[in-house]
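Note that the coordinates shown come from a computational prediction; the quantities given were computed from them, not determined experimentally.
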Amino acid sequence: MTDYLQAVFAMLGPGEERFAKPAAWLCLEEELGRELPTDYKQIVDAYAPVQINGHLTLSHPASHWWNLGETMRSTSETWSQSAWESYVTGPEDDPRVFCDLPQLNFGTAEGLVPFAATDQGAAVFGAPRVHGFSDGVVVQGAEGDWVGHPMTFAEWLYRYLIGEEMAGWDSAAVYPGPVWLEYPPAGPGQHTREAYGPERGM
């Protein structure tokens, strides 16, 4: 059985843990009214704020710039005012159905919590349940399609990085070679910094 968290760490290389502060997570979780998945927090602590392979962005709750709490609040407000239902065509792509929710809300204890986003228009959420799996992943792709992934965030990220279709319809993209990490400025006078994970044999 694959340890997906360790597989992600092996693929991305040693984390820098620039902003790893348990208090920041506690504050954010108190605001949300729920604990966030441990594997998600470990990945964010190790690398965020970061853009991975030029597309996927992760923010951090302790970073002043690219702050995860601010991103979650603003993104949740935007989604709460959106016409997300207009993209639902039936029970198979209705997040209320595969998340077992009477109604869909964002940024709450029983709702979808924004975890990450891509510059291609996909939104990645954590959900209390996805197809009965605790702390699963929900994605709305760039085409508006909703998909529930009954798996941990670490497994979702691993599959995303090896080129599986994890960010919506027709989203699969294989990038051979090491994973490209871009660390954005985290404060005044700083510059974007690039790094690469180890060779992957891809």
Side-chain angles (χ1 to χ4, degrees), residues 4-5 8 15 17-50 52 56-88 91 93-118 121-141 144-158 160 166-168 186:
Y4 286 103
L5 180 60
V8 167
E17 299 191 351
R18 295 169 297 158
F19 296 97
K21 294 180 181 177
W25 286 110
L26 286 173
C27 183
L28 179 57
E29 289 173 329
E30 285 180 6
E31 180 181 337
L32 292 169
R34 62 172 288 197
E35 290 187 18
L36 297 172
T38 299
D39 66 317
Y40 173 71
K41 293 189 287 187
Q42 288 179 296
I43 292 168
V44 168
D45 269 346
Y47 304 101
V50 67
I52 301 174
L56 183 72
T57 299
L58 296 173
S59 300
H60 196 286
S63 173
H64 181 65
W65 292 9
W66 309 88
N67 180 269
L68 179 60
E70 292 178 6
T71 299
M72 283 184 174
R73 284 188 290 274
S74 62
T75 302
S76 296
E77 182 177 350
T78 298
W79 277 97
S80 296
Q81 298 171 0
S82 72
W84 62 267
E85 304 100 321
S86 63
Y87 293 99
V88 173
D93 64 358
D94 189 334
R96 293 167 296 190
V97 175
F98 57 70
C99 292
D100 190 24
L101 295 170
Q103 60 184 6
L104 193 63
N105 50 56
F106 300 88
T108 65
E110 282 298 314
L112 302 188
V113 176
F115 272 5
T118 76
V124 183
F125 302 91
R129 295 166 301 281
V130 178
H131 296 295
F133 183 92
S134 296
D135 288 325
V137 177
V138 175
V139 174
Q140 191 192 46
D145 51 315
W146 288 96
V147 182
H149 298 282
M151 61 186 65
T152 64
F153 180 78
E155 181 176 353
W156 179 89
L157 180 57
Y158 175 83
Y160 174 84
M166 305 302 291

What's the separation between atom [atom1] in [X] and atom [atom2] in [Y], rounded to the nearest 0.5 Å?
| X | Y | atom1 | atom2 | result |
| --- | --- | --- | --- | --- |
| T38 | L5 | OG1 | CG | 9.5 Å |
| D93 | D145 | CG | CG | 8.0 Å |
| N105 | L112 | CG | CG | 7.5 Å |
| T75 | E70 | OG1 | CD | 11.0 Å |

Do [X] and [Y] come within less than 4.5 Å of each other through their side chains, counting heavy atoms only?
| X | Y | result |
| --- | --- | --- |
| W25 | L36 | yes |
| D135 | R34 | yes |
| E110 | R129 | yes |
| P128 | C99 | no |
| V137 | V130 | no |
| M72 | E31 | no |
| P49 | R18 | yes |
| Y47 | L58 | no |

How close do [X] and [Y] get, counting heavy atoms only, and between which atoms?
| X | Y | result |
| --- | --- | --- |
| P95 | L104 | CG-CD2, 3.6 Å |
| M166 | M151 | CE-SD, 3.7 Å |
| L68 | P114 | CD1-O, 4.4 Å |

Margin query: Applying the side-chain hydrogen bond (donor to acceptor under 3.5 Å, both in side chains) criterion to H60, which one of T71, D45, N67 satisfies it?
Written below: D45
Please indicate whether [X] has more than 12 foreign heavy atoms, meaning atoms of other residues, nucleotides or ligands, lying under 6.0 Å from its [atom1].
| X | atom1 | result |
| --- | --- | --- |
| H64 | NE2 | no |
| E35 | CD | no |
| Y158 | OH | no |

Next item on the list: Kindly indicate, with the supporting measurements, whether the criterion side chain to side chain contact (heavy atoms under 4.5 Å, CB included) is fulfilled by L157 and Y4.
Entry: CA-CA 9 Å; L157 180 57; Y4 286 103; over 6 Å; no
Next item on the list: Evaluate the criterion side chain to side chain contact (heavy atoms under 4.5 Å, CB included) for residue pair V139 and Y160; output intermediate values, then yes/no.
Entry: CA-CA 12 Å; V139 174; Y160 174 84; over 6 Å; no
Next item on the list: For D39 and F153, indicate whether the former's side chain and the latter's backbone hold a donor-acceptor pair under 3.5 Å.
Entry: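 Side chain of D39 to backbone of F153, a donor-acceptor pair under 3.5 Å: yes, one is there.
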Check: With F125, which of F115, W79, W156 fulfils ring-ring contact (aromatic ring centres under 6.0 Å, His included)?
Finding: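 Exactly one option meets the ring-ring contact (aromatic ring centres under 6.0 Å, His included) with F125, and it is W79.
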Check: What about the rings of W146 and F98, do their centers lie closer together than 6.0 Å?
Finding: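 That pair fails the under 6.0 Å test.
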